[in-house]
Peer 1: 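This is the structure I have questions about; it appears just below.
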Amino acid sequence: MAFRKWKVVASAGFGAVLLGALAGSAAADDVLKLPELSPNGAYACFGRVYDAAHLKAHPKQKVARIFFLYGHDPVSHPNEEPMANADTSYNGFLTTMVRGAKAPQWAGGWCNHESEDGKSGPIRCGMDCDRTMASLKLDDKGRLILTDVSSDLYLDAGSEDELGEAEYDRQALGSEDNNFRLDPMPAATCQAEFAKIDPIDPALGAPLRERLKPDQPFCSGETTMPRISPRIPTR
């Protein structure tokens with residue numbers, strides 16, 4: 001499973017590091033393409049955790065937890081190469097946890113109005129290969145409605161043929177995993193949820209670029225086992 005740089009299969013972990021790294025408001029040079037989601041320039045968070053009664057009533061819904069963040073990339077590590085425009089514009093990020101899963105999954109998309117002026121009309125969050133992560137709209141109570149969520153959101157294009165019908169159905173989202181209604185939540189709630197993804201091992205310490213000074217000599221090397229040629233007996 002891959003989202004070509006943005007999508008990963010997640011595992012639980014490092015909340016404090018990410019919460020300290022992400023600010024709750026936008027910098028002055030941020031490009032706010034969707035002010036209806038973020039009228040004051042702050043990160044916008046929406047989420048929902050479904051209870052047992054809801055899941056029992058919707059047996060074809062796999063998603064038990066779902067959160068949407070409108071802001072900067074909440075998953076990339078400080079020592080990774082930043083994406084283009086990652087610090088100058090807000091994008092949409094979706095994370096879900098399906099029933100019985102031990103780890104969440106996530107996807108990122110570029111969210112824009114589908115209109116010539118880019119300021120009106122339906123909002124679509126697109127991904128690469130002209131795929132749709134979701135379509136967005138706010139209801140009259142300020143809740144975020146997510147539609148057009150593809151069942152293969154976390155799978156590569158063409159994976160149905162590669163995996164086979166049974167395995168594809170197992171990995172894909174359920175037929176009722178759509179038309180989500182998410183409540184507005186504090187940004188810290190979404191940040192904590194995304195902090196469960198791709199955790200940093202604290203034992204590794206800070207990135208080398210932070211620990212090494214420009215004028216500090218260092219040595220980098222690799223140890224390999226010597227190659228042993230077979231012994232040829234003498235005659």
Peer 1: Please find the pair of heavy atoms, one from Tyr70 and one from Gly92, that lie closest to each other, and give the distance.
Peer 2: CD1-N, 4.5 Å
Peer 1: Would you confirm whether Lys62, through its side chain, and Gln171, through its main-chain N or O, come within 3.5 Å as a donor-acceptor pair?
Peer 2: no
Peer 1: Heavy-atom count around Arg99 CZ within 6.0 Å, excluding the residue itself: above 12?
Peer 2: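 More than 12 heavy atoms, drawn from other residues, nucleotides or ligands, come within 6.0 Å of this atom.
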Peer 1: Can you find a pair of side-chain heavy atoms, one from Tyr168 and one from Asp161, that are under 4.5 Å apart?
Peer 2: no
Peer 1: If you compare all heavy atoms of Ala134 against all heavy atoms of Val149, which two are closest, and at what distance to 0.1 Å?
Peer 2: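 Closest pair (atom of Ala134, atom of Val149, distance): CB-CG2, 4.0 Å.
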Peer 1: Looking only at atom types and distance, does a side-chain atom of Glu114 sit under 3.5 Å from a main-chain N or O of Pro122, one as donor and one as acceptor?
Peer 2: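 Pair absent, no side-chain N/O of Glu114 close to backbone of Pro122.
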Peer 1: Determine, step by step, whether Thr96 and Asp177 satisfy the side-chain contact (heavy atoms from CB on, under 4.5 Å) criterion, reporting the C-alpha distance in whole Å, the side-chain angles of both residues, the deciding distance to 0.1 Å, and the verdict.
Peer 2: CA-CA 10 Å; Thr96 62; Asp177 287 315; over 6 Å; no
Peer 1: To check you understand the geometry: which heavy-atom pair defines the closest contact between Leu155 and Leu163, and what is its length?
Peer 2: CD2-CD1, 4.3 Å
Peer 1: Checking one residue: Ile145. Which other hydrophobic residues are in its cluster under the side-chain 4.5 Å linking rule?
Peer 2: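 So far as hydrophobic clustering goes, Ile145 is joined with none.
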Peer 1: Donor-acceptor check, side chain of Tyr50 to backbone of Gln61, threshold 3.5 angstrom: yes or no?
Peer 2: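 Not confirmed, Tyr50 side chain does not pair with Gln61 backbone.
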Peer 1: For the pair Arg124 and Asp130, find out whether any cationic side-chain nitrogen is under 4.0 Å from an anionic carboxylate oxygen.
Peer 2: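 Answer for the salt bridge query: yes.
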Peer 1: List in chain and number order the residues that pass salt bridge (Lys or Arg N to Asp or Glu O under 4.0 Å) with Glu36, two or more places apart in sequence or in another chain; answer none if no residue qualifies.
Peer 2: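 Per chain and number, Glu36 pairs via salt bridge (Lys or Arg N to Asp or Glu O under 4.0 Å) with no residue.
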Peer 1: A side-chain contact here means heavy atoms from C-beta on lying under 4.5 Å apart; do Ser159 and Glu167 qualify?
Peer 2: no
Peer 1: Would the distance check show the side chain of Thr95 and the main-chain N or O of Phe194 forming a donor-acceptor pair, the cut-off being under 3.5 Å?
Peer 2: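 No, because the side chain of Thr95 does not come within donor-acceptor range (under 3.5 Å) of the backbone of Phe194.
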Peer 1: What distance separates Leu37 CG from Cys111 SG, expressed to the nearest 0.5 Å?
Peer 2: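 Reported to 0.5 Å precision, the distance equals 8.0 Å.
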Peer 1: Is there a path from Met133 to Met97 through hydrophobic residues (I, L, V, M, F, W, Y) whose side chains come within less than 4.5 Å of each other?
Peer 2: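 They do not share one cluster, since no chain of ILVMFWY contacts under 4.5 Å joins Met133 to Met97.
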Peer 1: So which atom in Trp106 and which in Asp73 form the shortest heavy-atom distance, rounded to 0.1 Å?
Peer 2: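 Looking at all heavy atoms of both residues, the closest pair is CH2-OD1, 4.1 Å.
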Peer 1: Tell me whether the rings of Tyr90 and Tyr43 are parallel (<30°), tilted (30 to 60°) or perpendicular (>60°).
Peer 2: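 Ring orientation, 0 to 90° scale: perpendicular.
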Peer 1: Check whether any side-chain heavy atom of Phe68 sits under 4.5 Å from a side-chain heavy atom of Cys125, and report yes or no.
Peer 2: yes
